[in-house]
Asker: 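What follows is a structure written as structure tokens; I'll ask about it next.
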Amino acid sequence: MSRTAQSNEHGPTPSEPLPSAQPPIVPEPLRIGEPSSAAGGVPAVLSSMKHAWEEMGVARSTQTLLRVNQPHGFDCPGCAWPDPAHRSAFEFCENGAKAVAEEATTARVTPEFFQQWSLVDLAAQTDHWLGKQGRLTHPMVLREGATHYEPLSWDEAFALIASELHALGSPDEACFYTSGRTSNEAAFLYQLFVRRFGTNNLPDCSNMCHESSGTALNETVGIGKGTVTLEDFEKARVIVVIGQNPGTNHPRMLTALEAAKHQGCRILSINPLPETGLQRFKHPQTVRGVLGGGTALADLFLQVRINGDVALLQGLGKALLEREAKRPGSVVARDFVEGQTLGFEAYAAHLAGVSWDDVVEQSGIPREQIETAADWLAETDQVIWCWAMGLTQHRNAVGNIQELVNLALLRGSIGKPGAGLCPVRGHSNVQGDRTMGIWEKPPPAFLDALEREFGFTPPRHHGHDVVGAIQAMHAGEVKVFFALGGNFLSATPDTELTAEALRRTRLTVHVSTKLNRAHLVTGRRALILPCLGRTERDLQAGGPQFVTVENSMGVVHASRGTLPPASEHLLSEPVLVARLARAVLGPADALPWESLVEDYDRVRDLIARTIPGFTDFNRRVRERGGFALPNGPREGRFTTRDGKGHFTVHEMPRLALEPGQLLMMTIRTHDQYNTTVYGLHDRYRGIHNGRRVVLLNAEDMKELGVKAGQEVDLTSHFEGQRRVARKFVVVAYDIPRRCAATYFPEANVLVPLGSMAEKSRTPTSKSVVISLAPSVELPALASGA
Ligand SMILES: Nc1nc2c(c(=O)[nH]1)N[C@H]1C(S)=C(S)[C@@H](COP(=O)(O)OP(=O)(O)OC[C@H]3O[C@@H](n4cnc5c(=O)[nH]c(N)nc54)[C@H](O)[C@@H]3O)O[C@H]1N2
Ligand SMILES: Nc1nc2c(c(=O)[nH]1)N[C@H]1C(S)=C(S)[C@@H](COP(=O)(O)OP(=O)(O)OC[C@H]3O[C@@H](n4cnc5c(=O)[nH]c(N)nc54)[C@H](O)[C@@H]3O)O[C@H]1N2
Ligand SMILES: [Mo]
């Protein structure tokens with residue numbers, strides 16, 4: 001396997017293969033069992049312990065896991081679900097334990113490792129294998145034409161980036177990506193540096209995630225965030241979980257749902273799949289949960305067709321308005337609607353024209369079930385709407401979310417206890433990063449504040465989002481790509497096209513904790529810059545530092561690592577950004593970058609002076625549990641320009657499939673964190689030892705003439721373009737007709753770059769039109785050809 005490192009001035013010869021952008025297709029001894037009947041319980045405890053012990057050993061596991069989400073510990077790098085006021089000693093879940101183990105592993109990726117492994121050889125390994133190699137220890141460079149990374153000093157790394165950035169024709173020829181784990185302090189400094197450099201090219205993972213929620217909510221209620229707190233879950237009478245799989249992706253949310261159930265709250269689950277976590281939950285950290293039968297969660301499960309949500313939500317609205325017509329004043333929150341909202345008449349008129357036949361056909365839900373759900377919504381206004389990627393990644397994603405806002409406005413279910421909107425965020429600080437100004441379309445007021453505080457003229461024209469960045473790199477308009485975290489190559493749509501876009505740049509830079517495929521598909525030159533993770537001690541000249549994050553419910557709190565750093569060569573993200581800024585902006589730049597990061601309180605003072613809601617930041621963040629940011633709609637005040645909540649009207653999208661075509665969603669297994677593959681078990685869905693599967697309805701399988709266990713090639717269809725992914729194993733599953741499911745990121749190659757949500761430009765990762773055909777053996781091709 002090992003080849004010696006070598007570089008030459010002329011780049012790889014044409015016959016040399018390029019590192020592959022997609023994981024290799026390896027034989028997987030797939031085992032299909034029954035989906036689990038309950039989430040959590042003993043298997044969850046065993047699974048957390050297995051991952052933790054394998055990566056960290058027993059003593060380190062105990063020491064580390066006891067610090068997760070504690071007042072003096074670190075924020076779990078898993079998800080953005082908030083911490084309860086009364087925490088238990090074990091305030092983490094199975095998948096949080098895996099996220100922590102992934103970072104706190106004792107394995108290391110050293111310069112010797114990179115000397116042994118060429119990029120082509122590394123790219124032939126699976127994503128699971130890449131992650132298992134451990135933490136990155138040194139800054140590494142891929143010189144022009146080289147086949148291997150080699151170590152370099154931090155100063156050399158920053159000088160190299162500075163020279164490439166200075167050589168650009170305009171600052172807009174560089175893009176600066178952010179993944180949502182970056183702390184508030186690092187994010188604030190980063191956007192400040194990027195804008196001082198002169199561009200708003202700040203794409204982030206949010207563009208692929210909850211951008212549709214932000215767009216939908218800003219337009220209708222005036223804030224791009226949710227309006228509930230964790231306490232609202234204790235008071236709600238109905239909680240709707242739509243397009244979200246909390247059992248896997250936000251397991252601690254199940255605790256809140258279980259508590260709500262015990263208070264008599266009903267739970268309505270709307271999903272194409274009967275996700276285990278929503279059916280029954282055994283709390284893995286209570287005796288009752290581990291030994292008992294657990295709690296049945298969902299009272300009603302509406303098995304909606306993929307992208308049938310607008311139809312379903314309009315059906316619910318229609319059913320509510322029919323009840324109102326029978327008993328005027330019984331359902332529509334008249335005072336609220338008249339006093340605080342606009343657009344109700346147009347909405348009601350539109351629903352009057354929607355036919356029940358269309359609702360039932362397009363949603364796939366029988367009318368009786370819609371009527372039952374409508375009865376619940378008519379009985380109480382204490383309703384919380386929770387959603388995630390099942391709503392945000394469709395062409396009509398903004399419409400999906402605005403239709404549920406319509407229902408909340410109709411019943412007056414915003415701005416009162418036990419009611420409101422709850423987009424459940426993904427990355428642990430994705431919401432905070434946006435608050436700090438990581439946004440390619442910064443609001444003018446934000447730029448005005450930067451201008452006032454820092455005395456420079458920030459660029460005003462909008463920058464590239466994720467899709468725009470890929471297109472611009474592909475067109476040769478963006479020549480330097482810098483990523484603060486994440487795995488841009490594998491997380492984005494259209495893997496092969498994105499790979500080509502990255503390869504056309506002059507320089508790609510990744511600030512990372514772990515090795516991933518984005519390090520292997522590079523510009524002419526590339527850097528890997530290793531940084532501290534959440535779990536690690538951050539010691540600067542001013543003493544031990546902590547950082548801050550904002551959770552899904554707008555609460556800002558501290559996160560303090562305790563483990564010794566994985567290597568003495570790591571920089572913290574704030575320090576890394578400050579040193580980069582100095583190298584690029586030069587000694588004359590007036591900001592005291594070096595001293596700012598000696599003590600992060602100084603960064604927080606700048607945040608307090610520029611960002612609304614952060615007054616007295618340093619004092620308030622030291623209070624137990626942190627503090628909540630202002631939220632108009634939560635406080636009963638819409639913050640739209642006219643101060644009103646807005647009803648909106650949307651055409652019902654119609655399923656338009658040709659014979660043989662299916663609508664495919666790309667989803668997460670129980671054993672991954674986005675592109676990080678922890679293991680090969682999707683335990684709750686009963687799929688073991690493999691990820692290259694396609695879940696199909698048994699009736700569709702018959703019609704298409706495919707059998708369980710058979711290998712098929714998937715072709716996606718978009719505007720006359722075709723994309724192919726080879727060798728997926730067919731699994732018969734409880735999924736609506738003409739729907740299919742595959743796993744992210746293996747199926748990203750099928751997601752067309754041009755297929756985006758209207759307004760939010762989020763790739764439509766849950767609405768991919770595919771057809772399938774039995775796999776045929778192709779003659780072996782050189783990889784990358
Ligand atoms: N362990 C773990 N935790 C995570 C992550 C992880 O990868 N692993 N990722 C984090 C991130 S960044 C995010 S954004 C969140 C993601 O959290 P989720 O949004 O829960 O993640 P997905 O697996 O994409 O699941 C989408 C869910 O929506 C359903 N769905 C798909 N299409 C439709 C539709 O058209 N209508 C409806 N009603 N439902 C639909 C799917 O069946 C699935 O249950 O989780 C965060 N937490
Ligand atoms: N088809 C399809 N595509 C999708 C989705 C989907 O549902 N379907 N979901 C989308 C969503 S919701 C999201 S959020 C994106 C995710 O996109 P990204 O955020 O870009 O991807 P991740 O896989 O979360 O990034 C993992 C990498 O982050 C690095 N990392 C981890 N911790 C740290 C840290 O503390 N600091 C730094 N600097 N680096 C760190 C590690 O090197 C790791 O390899 O993917 C999107 N892509
Ligand atoms: Mo996400």
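For ligands, and for the atoms within them, numbers begin at 1 and follow the listed sequence.
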Asker: For ligand 2, which atoms have a heavy atom of Tyr177 less than 4.0 angstrom away?
Answerer: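 Matching atoms, with element in brackets: 17 (O), 18 (P), 19 (O), 20 (O).
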Asker: So does Glu102 pair up with Lys514, basic N to acidic O under 4.0 Å?
Answerer: yes
Asker: Work out whether the distance between some heavy atom of Arg534 and some atom of ligand 2 is less than 4.0 Å.
Answerer: no
Asker: Could you list all the salt bridge (charged side-chain N to carboxylate O under 4.0 Å, His left out) pairs where at least one residue sits in residues 739-758, not counting sequence neighbours?
Answerer: Arg395-Glu758, Arg691-Glu746
Asker: Between Glu55 and Arg135, does any side-chain N to carboxylate O distance fall below 4.0 Å?
Answerer: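 Looking at Glu55 and Arg135, the cut-off is not met.
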Asker: Would you please name every residue forming a salt bridge (Lys or Arg N to Asp or Glu O under 4.0 Å) with Arg761, sequence neighbours left out?
Answerer: Asp465
Asker: One residue to check: Val511. Relative to ligand 2, which of side chain, backbone, both or neither has a non-hydrogen atom less than 4.0 Å away?
Answerer: both
Asker: I need the atoms of ligand 2 closer than 4.0 Å to a non-hydrogen atom of Gly485, numbered in the order shown.
Answerer: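 Counting atoms of ligand 2 from 1, those under 4.0 Å from Gly485 are 37 (C), 38 (N), 39 (N).
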Asker: Select all protein residues for which some heavy-atom-to-ligand 1 distance is less than 4.0 Å, and list them by chain and number.
Answerer: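 Ligand 1 is contacted, at a heavy-atom distance under 4.0 Å, by Cys79, Asn95, Cys209, Ile242, Gly243, Gln244, Asn245, Thr248, Asn249, His250, Ile270, Asn271, Pro272, Leu273, Glu275, Val304, Ile306, Asn307, Asp309, Ala388, Met389, Gly390, His394, Gly426, His427, Met665, Ile667, Arg668, Gln672, Tyr673, Asn674, Lys766.
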Asker: Tell me whether the NZ or CZ atom of Arg560 lies within the 45° cone about the ring axis of Phe546 and under 6.0 Å from its centre.
Answerer: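 The answer is yes, since Arg560 meets both limits relative to Phe546.
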Asker: Using a 4.0 Å cutoff against the non-hydrogen atoms of Cys531, which atoms of ligand 2 qualify?
Answerer: 36 (N), 37 (C), 38 (N)
Asker: Hey, can you tell me if His138 and His569 have their rings parallel, tilted or perpendicular (30° and 60° cut-offs)?
Answerer: tilted
Asker: Picking from Lys98, Arg685, Lys50, what satisfies salt bridge (charged side-chain N to carboxylate O under 4.0 Å, His left out) with Asp671?
Answerer: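 In the set Lys98, Arg685, Lys50, the residue that makes a salt bridge (charged side-chain N to carboxylate O under 4.0 Å, His left out) with Asp671 is Lys98.
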Asker: Please determine if His519 has a nitrogen or oxygen closer than 3.5 Å to a nitrogen or oxygen of ligand 2.
Answerer: no
Asker: Test of understanding: with side-chain hydrogen bond (donor to acceptor under 3.5 Å, both in side chains), list the residues that count as partners of Asp494, not counting sequence neighbours.
Answerer: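 side-chain hydrogen bond (donor to acceptor under 3.5 Å, both in side chains) list for Asp494, sorted by chain: Arg723.
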Asker: Mark up the atoms of ligand 2 that fall under 4.0 Å of a heavy atom belonging to Asn516, in ascending order.
Answerer: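 Under 4.0 Å from Asn516, ligand 2 has these atoms: 27 (C), 42 (O), 43 (C), 44 (O).
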